[in-house]
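Computed from a prediction, not measured in an experiment: that's the story for all the values here.
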Amino acid sequence: GKKSMCDYESLPVVQQQTHIRPISWSKPIRDSDITQKGYEKKRSKLLQAYLPHTQERRIPVTPSSSSSSSSRYQRRRSTGTRDERYRSDVHSEAVQAALERHSERKMTVLLPSKRQSLVGQTSMDTYTPPDSSSGSDAEGSLGRAGGVSVDSWISRALHGSPSTSSSSSSHSNSSANAARLAETNSLTAPPDITSYMPDPAPISVQRPQVTMITRPLPKYGNAELMETGDGVPVSSRVSAKIQQLVNTLKRPKRRPLREFFVEDFEELLEVQQPDPSLPRPEGVESTPIQGEELDGLKNCPASLEAALLRWGAIAPKAPCLTTTHSNAKQPYTLTYGKLWSKSLKLAYNLLHKLGSKQEPIIHPGDRVALVYPNNDPAAFMVAFYGCLLAEVVPVPIEVPLTKKDAGSQQIGFLLGSCGVAVALTSDACHKGLPKSASGDVMQFKGWPKLLWVLTDSKHLSKPPREWFPLIKDANNDTAYIEYKTCKDGSVSHITNDITRPMYIHTFILSFICMHVFSVRPQEGSSKPAGQGVLSMTNLSHGVIRVDTGEKLSVLTLQDVGTAMPGAMVCVVKLEGVPQLCKTDEIGEICVSSVATGTSYYGLSGMSKNTFEVCPVACDGGFVSDCVFVRSGLLGFVGPGGMIFISGTLEGLMQVGGRKHSADDIIATALAVEPMKFIYRGRTVVFSVNVLYDERIVLVAEQRPDSTEEESYQWMSRVLQAIDGIHQVGVYCLALVPANTLPKTPLGGIHLSETKQLFLEGALHPSSILMCPHSCITNLPKPRQKQPEVGPASVMVGNLVAGKRMAQASGRDLSHMEDNDPTKKHSKPGVLQWRAQTTPEHILYTLINSRVTSLTCLQLHKRAEKIATLLYERGQLRDGDHVALVYPPGLDLIAAFYGCLYAGCIPITVRPPHPQNISTTLPTSRPRNPKVVSRSVCVMTTQAISKLLKSRDASVAVDFKSWPPILETDDLPKRRCSLLYKPCDPDTLAYLDFSVSTTGMLAGVKMSHNATSALCRSVKLQCELYPSREVAVCLDPYCGLGFVLWCLCSVYAGQQSVLISPMDLEVNPALWLQSVSQFKVRDTFCSYSVMELCTRSLSSLTDSLKARGMDLTRVRSCVVVAEERPRVALTQSFCKLFKDVGLHPRAVSTAFGCRVNLAVCLQGTSGPDPTTVYVDMRALRHDRVRLVERGSPHSLPLMESGKILPGVRIIIANPETKGPIGDSHLGEIWVHSPQNASGYFTVFGEENVRSDHFGARLSFGDTQTLWARTGYLGFLRRTDLTDANGERHDALYVVGALDEVMELRGMKYHPIDIETSIIRAHRNITECAVFTWTNLLVVVVELDGSEQDALDLVPMVTNVVLEEHYLIVGVVVVVDTGVIPINSRGEKQRMHLRDGFLADQLDPIYVAYNM
């Protein structure tokens, strides 16, 4: 039967080979040409070629109603309603046929993991693939070969032999198969899904370099993890799902589009050659078509007002308009006489009854808003003609229903720019407008202040008999202004002039599209209607190819008539100059007529591009002397001058060089069993620009009774159908709860507002499926590994180029004063010397709830008593290891020196947290018992001893495995006589254990020599003397924090004011108040302390200043870290506390690592730390490219402080071990007497990492022994001058080698990706990234409602694609505080990874991007 225009536009197409053939047109099928039986027979014949020849898979033919006339009526009625706009039986059959035809291609869509509070009825333990009729992978197209189902791949991986799975195989054991596959991962590594190689080689995932080969299985909390043969832990359903995702993504994609670009640091883009196989227009150039001549207009009125006057006088009782109301029994008829009299009355009141006679509110030419509902056209018509008679310009707008109407702000902009001050409305409409408390109409957002005028007759005065409006002839003045919403949501105002033919629409049948009037001849026309059956695939390339109607791969178009009388129509190209299209090419339809709009109000530039188009021919000459108006319609001119419309410019999405209509995509989606899961009329499709191309997004309102599994089954079928029929991938498919999308006044979805909500992360979907792996085909080419240039060639090349090698050193320690008494003593000897010479000098002051001090003599005596305790009760010998489990305080310092007095080796261990002992105890007694197994005893306080023996602690760690515990609350009264043993400077002083950012527990051996050299360097750099005070707010268990807390005060004699970071959780201002109170000049903190102060005190600076906080005396505030300086955090800290006197130049950073606890420290003299900006893309290729601040892809790097005295630094290639030139990226190597002696290991793996402390250059100075820091960075000689008069060498730390993620052949630092993600959405407070089997996993902490968790998934995916050219594999949304952080404020990403794979994070939502 007949199909409406919408039906023809929404017909689908199946991928096939299309033959170019001459254009031929057939007459449309009339209602009487085919019977119901014939229709079914013909349909079966059409579908036969696309259906399998089995009875079970035959698509049932749904009979229509028995009466042919009733079915015709039903079709006509349904196509007229808004919700049935995309309804097409033929389209639904085509979609089902496409799905059925490829049913054996199972598309695996992993169900996300949701917390039970987020969704009530969801299967968490299994993924649910769709049924057999939905199968196809999201990345595939119907025409590709070699598709592999998940079951067959799993089967091959498990059994080692190729096998195929039948279409009837059960899906219930898929999760078990995935888990078994994960367990056998040591045999078959997952492929690299991040590159486009035809046969990717297996990737072996290597552990970090410091990882020990034979180590116990790691734990997160108290759960065991499995490990694969390559060292990657797998466990539970999470790793099974990730493995399933990897298996899905490894299947062959369609051939990538020719959209690659080379992402080189020189920004050179590869110029792609056009593909000769793509269809191209081959016809001749089209010509404009001319409408019929305008005749019979000699006796017509001269204007609209004159026409109203004539018909109001000649036929006053003739009906002009008849309306029906749902609540009215009788329809209302407006006659020409009533229209004239009411319009006249309104015109008089507008001009004479508003304002005063001397100052009327409305003058001729003013703009007036018309606010009338759609069900009251009579009142609108009266108001419109009343404005024309009063010579004012009507501006019709929609009725605002609420204060937050979609698009309301744009309407306000329209009214403001038009200078509207008066709004006309009816009494009934005025009552329905939202009111304020005073009863007046509410002031809508962005609207100007309006005077609301009621136009009902009872509110108007009767005009005097002598008053008569001025009836003008038609001229070029503005008649009325209408508005349209552009694709981006902005509003344009179209002015229409009162030109002579404007009133023709009152006499002939016409239709309006945007701002162009066109005529569609119907019955009685001399030209018959026509149909075009076109190949949809060729249409996506803008080419018209006629196909036979016997296939489903066609789009049937009905003509919309010919050009209107007096008009000229042509078709021009979409891009570039408005050149005429060829006869077989789709373009934009342009119209030249006196009956079109004339301009955009107040937008001259846009008006010229739209309303003053001059089409040109291929020879460059103008087609006509007339100017044309762009219609915004896409189509072509067929034989006989018939115009065919294929879509609109605003609904066009250009993806990968092909054009797709949003309406066609919606029609395909709705053909996949829509009524069960979504609302038919509440679906939108739009495109977003991601990574230099448009990406398709489909959003629909979900029915409340549909379950999660059903929704994801439906989404998987939609992805498959769109991929099969349109050969395009959907980037994001989101389902939102019912009645949550912004509505237009007519009840449809407001497209631009919905798109804006999606881009802002405020859509709040209930289900979401991202498919970046299948859609993003224009990623930069993976970097190919080039053969390494030898170290000798690098050095010679630098010398030839005149570049210096990257090496620098601090001041020479040999010039230190010889009379320094501390040089003659070891650490315990220095304390004894100070106890004798300055017994009452205060060394330490601990500040918490009270202030406690410790003098030299007090510390010496307590250390003696602890040494006696070790001798008498512990029976310890020289060299025995003692674990010190103390909270931050003075007891820890006394216990440390007590161990040194007794000749024992102390090991500081963080005590477990009383409120969370089961989780924090394994970190006190590390997961592999390196510390405790070598410790002969444990010293602690009585409170912690009880905690270690408690029932909660025994659940985590068996108390019987602990060494003997000595409590130091009650010390012996007398001291032992065997004290004061002289110690060898090269012997071990203490062990320093720390968990690195990669999750590795590493202990280093610090000798007495190295400890003294370190303290001497810090003393010289910071100018520490007994008269100074230093405030330390650091954890005292490892690294430079321990040195500053326990060692430096005894060595240099300054008073250390100690503040535990744990106390700042109760009183965030404690540290800065102590600095102010003690008038401290030098203070040390960590990034976690700085972040806590910035977050907690941001709104309290005024009150702190009022209470007397003064930081003007602070000359150096040093952040102690083992990472790249956090520029943004330090800048925020300086800006925040500038009001209380903190100078920005005072804040700097220090850098240390495992092999050398303090490499750089800013100190008090010398140049200020410098900041440079480097190209982030160049860093991915191991290059340093300096750029200007604010440049695209620029990354700020702050200098990590001045190099300490006695420290030499060189930058070396971590692979070739050759020296590297200045400003080149490489590994930082250190040579210093304060280097650690080596790693402390229990199982004898010293040889595994021996080169960390004894590395030699492969070329150049091959004799010096260097310690490898494991950090990437570069040296840069600046123009600044050091204290000794030489040019300053600045060290910039980029990141840890162990944390570098190599993806697509390029190297990424997690902090760079995390910085981008945190900026992506306001509800993301923290995030961490890591890789697992070449999938990038992103964990974000949500600060907001759990219902907003799904908003983060597209925001995270988008920003990582845009800024880093990486596809996120898994997005995990967790609560705040879940990401583990060590005492220095560094993220423990590997601990997080282990916890995620063990399914212990309790995530709010886990999304698996397809």
Side chain proximity check, Thr968 to Thr940, heavy atoms < 4.5 angstrom: no
Electrostatic pair Asp891:Arg862 at N-O distance under 4.0 angstrom: yes
Any Leu1204 side-chain heavy atom under 4.5 Å of Val1159 side chain: no
Distance (rounded to the nearest 0.5 Å) between Leu884 CG and Ile893 CD1: 11.5 Å
Separation of Leu854 CG from Leu846 CG (nearest 0.5 Å): 10.0 Å
Asp969 and Thr941: CA distance, side-chain angles, deciding distance, side chain to side chain donor-acceptor pair (under 3.5 Å) verdict: CA-CA 6 Å; Asp969 296 76; Thr941 62; 5.1 Å; no
Side-chain donor-acceptor contact under 3.5 Å, Asn1156 with Gln1234: yes
Heavy-atom side-chain contact between Leu1272 and Val1300 under 4.5 Å: yes
Side chain to side chain donor-acceptor pair (under 3.5 Å) evaluation trace for Glu967 with Ser945: CA-CA 7 Å; Glu967 298 174 5; Ser945 177; 2.9 Å; yes
side-chain hydrogen bond (donor to acceptor under 3.5 Å, both in side chains) partners for Gln1055, two or more places apart: Thr845
Salt bridge present between Asp992 and Arg1154 (N-O < 4.0 angstrom): yes
Spacing of CG belonging to Leu843 relative to OG belonging to Ser1056, to within rounding of 0.5 Å: 8.0 Å
Nearest-0.5 Å distance, CE of residue Met1006 to CG of residue Asn1235: 8.5 Å
Residue pair Tyr1037 / Phe1042, side-chain heavy-atom distance below 4.5 Å: no
His1008 vs Tyr990, ring pair (Phe, Tyr, Trp, His ring centres under 6.0 Å): CA-CA, chis, key distance, verdict: CA-CA 8 Å; His1008 287 279; Tyr990 71 98; 9.0 Å; no
Evaluation steps, ring pair (Phe, Tyr, Trp, His ring centres under 6.0 Å), between Tyr901 and His860: CA-CA 10 Å; Tyr901 278 7; His860 169 64; 5.6 Å; yes
